[in-house]
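We count residues from 1, following the sequence as given.
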Amino acid sequence: MEEKCYEIKNLRKFCKNIFIYQRFDENNEEVFSYENILKAVDEVLEYFHQHAIEKKVGIGIHMPENSVEGCVLLLSILNNDCRFYGFNDESDSSLNRSVKSSEIAYVFLKKPVEFEEIYQCYLPKLNVLNSSYFVIKLKTSTLSLKNLPLCYSIATSGSTGESKLVHVPYKCIQPNIASLSSLLKIETSDVIFLGSPITFDPFVIELFLALANGAALLITSTKTRLSPNHLHHVLFPSLPFGLKGVSIFQTTPSLFRLFGKEIIRNVIFDKTNTLRCLILGGEEFPSYAELLDWLPQTTNQLFNKRVFNIYGITEVSCWSTICEVNFHSSSSTECSIPLGDALDNETVLRIVDEKGKVLADDAAVGELQICSTTRRCYVPQCDQHPIPIRQEDSITFRNTGDLVKRASDGNVYYLGRLDNTVKRLGKRLCLDSLSQKIENIFRKGNITNRVLCLWNEEVKKLILCLEIGQTESIVKGPLLQELLRDSLDTFEQPDKIYNLQKVPLTAHGKVNRFQLIKIVKAWEEKEHKTPLQIFKEFLQNIMGINEEMLTNNIQDIGEYTTKRSKLTTNLSFSHAGGTSFQALSLATEIDSILPQSVDQRNLLEMLLNTNVTINDIMKFLSNLAERRIEVPATLPFTRNLFKLVWSVNLHKCVDASPSLYEENVVAVGSHSHLLMVLNANNGEEISKLTLMDRIESSVLFVTNQLAMVGAHDGFLYAFDFQQGSIKWRTNVGGTIKAKPLQISDILVVASYAEDFNLLAVSLKDVTTKWRLKIGSKGIFSSPLKVDEKLCLICTLDGTYCLLRSDDGSLVWSHQMKSPIFSTPALVKSSTQSWIAIAEVRGEISICEAKSGQTISTFTADGNIFSSFAVHNQDLKHTYLIFGCYDKNVYCLNFTSTSCKLSLTWKISLDAPIYSTPILLYRTQDNEPDVLICATNGLMILANLKTALQHSSYNLEAEIFSTPCSASNGKRIFVGSRNNYLQAFQIE
């Protein structure tokens with residue numbers, strides 16, 4: 001009897017392995033072993049036994065989100081010798097249609113749904129881990145599938161024609177699992193992203209690949225999956241979090257493109273990344289030129305990822321051919337990547353003409369058909385009966401609907417969809433092939449945008465859509481027409497060219513041509529509408545929200561909703577009946593008319609956030625025109641103002657921030673254990689020390705001779721910086737990365753110690769005054785002096801508290817939702833004090849110093865490790881400047897009279913920013929410049945008020961250290977991972 005990868009007896013050998021990482025962000029992960037999951041499966045199977053759940057029947061599972069409990073249910077269904085049919089419909093009517101067409105006997109749901117004429121009875125609720133399912137037994141008038149050895153049923157997406165229901169036996173999917181396990185060299189250490197929805201058959205591949213090899217799955221929410229800027233942090237976490245990244249990533253080309261070139265090149269394809277194999281399938285594969293454009297800016301020989309073009313149809317579930325991209329070939333950039341070889345020896349490909357005649361010649365162009373002697377599914381809409389599953393000698397070729405050509409070397413290349421071929425000016429025109437042809441033409445003109453050609457049947461017009469992405473500027477029509485005029489035949493020339501911010505996708509991540517045609521048809525009408533008008537029309541026409549509410553002035557909404565508290569606009573988009581796919585469609589539709597798409601991601605997240613009301617979204621859209629847009633760091637600089645004065649080698653990375661004493665002495669430590677004290681003017685050595693471990697803490701100067709520094713060995717060192725001798729040291733019990741804080745004669749020291757992560761040392765007699773455990777984790781952020789007796793502490797579990805430095809007593813304590821790496825900042829007015837705190841998840845909070853209560857927030861688009869630079873513009877306005885992992889530097893304005901935090905500007909760079917920006921007051925007008933250092937070594941000098949950049953310098957080394965300055969901002973000192981501390985004169 002054939003062994004199956006999902007059988008419990010086969011999975012028990014992996015009991016100690018991790019099966020699922022459930023991760024919603026870098027700070028929110030839950031881990032489940034195979035043993036945990038199999039225990040839950042046993043409990044579900046006991047429920048099946050108690051309630052006489054039949055075997056060899058179909059069981060439906062409603063799974064709108066990929067989840068741990070969903071995986072438990074699927075394994076339980078399969079081990080009960082049943083087939084599963086997954087659906088993720090969000091409306092009751094859609095659920096009814098899915099269930100009625102699937103010939104299933106039971107359905108598991110997260111919410112109660114009336115199935116009317118097919119409903120038989122409710123069984124007791126089923127508890128799976130921390131979730132509950134409603135279990136409904138259905139009337140089954142026909143059971144034609146009951147005795148067939150089926151594994152699952154699935155509906156085709158409809159992107160390749162009319163949607164069909166496909167019933168799949170295990171022996172049809174098993175060859176895929178065996179072939180891919182071998183080809184991809186799957187091991188128990190691999191992490192596979194379960195990113196496909198249950199309605200898309202690559203989901204089964206991802207699940208079964210893990211089960212067959214004892215590998216792990218990574219699961220996240222649909223909300224995160226639809227947000228590439230969040231998703232890449234989940235799939236490939238940054239080093240400080242110590243989380244395991246994905247090694248096997250299967251997705252569609254359209255979904256992969258959403259990451260954008262910079263993230264693909266610098267994060268996903270970075271050679272230190274965990275990714276081993278990228279498998280792209282489900283639609284046309286990217287061109288060789290586009291693939292090369294994604295590669296890191298190094299020689300191709302150093303590229304250590306494997307990239308595959310995989311192809312197949314649901315009717316021969318799932319994949320049929322595969323081709324690994326050879327980045328070392330001398331292929332022309334205009335070349336396409338072939339479909340590749342059959343995944344197994346039983347799969348047969350052939351090309352036929354319009355009449356079904358087999359084309360055997362080398363230059364054949366026609367429809368691709370696929371068959372297999374063993375991999376046979378039952379498709380009721382195509383097959384009269386399910387005999388092909390049982391008869392070994394039967395062969396059924398399935399139409400793919402794809403137009404292909406066979407080249408002289410025997411390779412088969414995808415040309416396009418047969419239903420995407422039109423007749424124009426007496427010529428047959430394949431729109432997919434034309435799109436590829438135009439992309440190749442544009443690349444010769446240095447335009448690397450994606451192209452999609454559409455046919456508007458109503459007006460018989462050929463439309464060219466150019467995807468310009470989130471950061472690229474609009475490409476002018478006349479330039480494109482000029483490039484195309486001499487390169488295309490008359491029948492290929494487009495009638496209209498549109499710039500499109502983002503291509504709309506289906507729920508399976510494929511190009512949604514129906515939605516794209518809809519957008520294009522309505523373009524002229526919507527050119528004169530605002531985003532708010534489009535949103536209101538959607539609420540009124542699709543969701544049925546009262547027109548009277550939507551016509552009220554935005555400023556009056558608050559008063560209006562107070563009088564009628566139950567009005568729909570007080571609900572979130574989701575609670576008012578909106579679905580996640582409607583949110584994605586609406587955000588895409590509104591984004592298509594915006595000149596910049598910087599707000600599209602924010603809009604999508606607001607639509608998906610159950611804490612954001614429709615009122616909030618309407619206000620957001622009404623203010624879009626007033627938003628300040630980000631300033632790219634690509635403006636021409638007037639001149640180079642950076643002049644290298646001296647550099648000193650510390651033999652390993654300098655991640656610690658240098659410290660100054662009276663502008664004449666600079667000190668810094670490195671990972672080599674070396675601590676150097678230097679003459680700030682000429683870089684000459686004053687003294688040096690070699691400690692027992694790495695140094696990431698900054699030096700604190702206490703007197704004209706005594707200084708302090710912490711190290712990874714858990715010791716705080718007091719040393720004579722003039723002589724280079726250690727005066728005393730004390731063991732605090734854990735790594736010290738934070739700079740110590742001196743308040744009067746008390747030294748407050750924060751560390752990663754498990755027992756007490758905060759202690760105070762008396763500088764008078766070197767005794768410990770008090771010790772505390774703040775929160776549950778270590779402290780990276782340096783303590784902040786609030787006044788002569790109080791200091792603020794922030795920890796890696798999000799705790800922030802105010803305490804008295806003399807006795808360690810707490811004044812107040814609160815907790816944020818994510819770790820705090822950044823050192824907080826003090827903001828003062830003439831009468832009050834506030835504290836600015838940055839969580840790693842990107843949330844900036846302004847809190848009252850006296851109570852710790854949050855009064856205003858701002859959310860950046862990435863993780864924050866940088867601390868704040870603070871500038872008091874006047875008595876009412878304070879600027880807070882910080883760097884972000886999203887490659888932007890933000891300048892926020894805090895207004896003390898209204899207690900509001902708002903974005904003034906942000907400068908976009910080409911790399912994440914860990915270093916804290918510093919202010920250089922080089923002129924007498926109190927208008928400082930901002931010095932920004934990115935991890936790629938780029939240093940930018942910009943005006944604080946205008947955000948315009950004066951000058952830049954590329955250190956060509958990673959910078960994590962925060963610089964310091966002397967001589968009224970005319971000299972800076974910066975450490976980097978080239979092992980040097982360097983001094984620059986700013987002209």
Peer 1: Indicate whether any N or O donor in one side chain lies under 3.5 Å from an N or O acceptor in the other, for Y152 and S317.
Peer 2: yes
Peer 1: Please state whether the rings of Y890 and F882 are parallel, tilted or perpendicular, taking 30° and 60° as the class boundaries.
Peer 2: parallel
Peer 1: Please lay out, stage by stage, how T224 and S221 fare under the test side chain to side chain donor-acceptor pair (under 3.5 Å).
Peer 2: CA-CA 5 Å; T224 300; S221 65; 3.0 Å; yes
Peer 1: Going by salt bridge (Lys or Arg N to Asp or Glu O under 4.0 Å), name the pairs with one or both residues in residues 181-208, residues two or more places apart or in two chains.
Peer 2: D190-R276
Peer 1: Do E839 and S845 have side-chain atoms, one donor and one acceptor, less than 3.5 Å apart?
Peer 2: no
Peer 1: What about H230 and F24, are their ring centers closer than 6.0 Å?
Peer 2: no
Peer 1: Would you call K261-E290 a salt bridge at under 4.0 Å N-O?
Peer 2: no
Peer 1: Just do the side chain to side chain contact (heavy atoms under 4.5 Å, CB included) check on I263 and N229 with the steps written out, would you?
Peer 2: CA-CA 8 Å; I263 291 176; N229 279 335; 3.3 Å; yes
Peer 1: Can K737 and E696 be counted as an ion pair, charged N to O under 4.0 angstrom?
Peer 2: yes
Peer 1: Under 3.5 Å, is there a donor-acceptor pair linking the side chains of D655 and H671?
Peer 2: yes
Peer 1: Give a yes or no on this: more than 12 heavy atoms of other residues, nucleotides or ligands lie within 6.0 Å of atom NZ of K777.
Peer 2: no
Peer 1: Is it true that K887 and D910 have a side-chain N and a carboxylate O under 4.0 angstrom from each other?
Peer 2: no
Peer 1: Does the separation of the ring centres of F308 and W319 fall below 6.0 angstrom?
Peer 2: no
Peer 1: Under 3.5 Å, is there a donor-acceptor pair linking the side chains of R83 and S153?
Peer 2: yes
Peer 1: Could you verify whether a donor N or O on one side chain and an acceptor N or O on the other, from E958 and T935, lie under 3.5 Å apart?
Peer 2: no
Peer 1: Does a side-chain heavy-atom distance below 4.5 Å link I104 with F84?
Peer 2: no
Peer 1: Output all residues satisfying ring-ring contact (aromatic ring centres under 6.0 Å, His included) with Y311, sequence neighbours left out; order by chain, then residue number.
Peer 2: none
Peer 1: Any pair with a residue in residues 32-49 that passes salt bridge (Lys or Arg N to Asp or Glu O under 4.0 Å), sequence neighbours left out, goes on the list, sorted by first then second residue, please.
Peer 2: R12-D42, K16-E35
Peer 1: Considering residues at least two apart in sequence or located in another chain, which fulfil the ring-ring contact (aromatic ring centres under 6.0 Å, His included) criterion with Y133?
Peer 2: none
Peer 1: Side chains of T795 and D797: any donor to acceptor distance under 3.5 Å?
Peer 2: yes
Peer 1: Please name all residues satisfying ring-ring contact (aromatic ring centres under 6.0 Å, His included) with Y170, sequence neighbours left out, ordered by chain then number.
Peer 2: Y6
Peer 1: If the condition is side chain to side chain contact (heavy atoms under 4.5 Å, CB included), which residues does L129 pass it with, not counting sequence neighbours?
Peer 2: F32, A40, V68, V72
Peer 1: Below 6.0 angstrom between ring centroids: does that apply to F87 and Y85?
Peer 2: yes
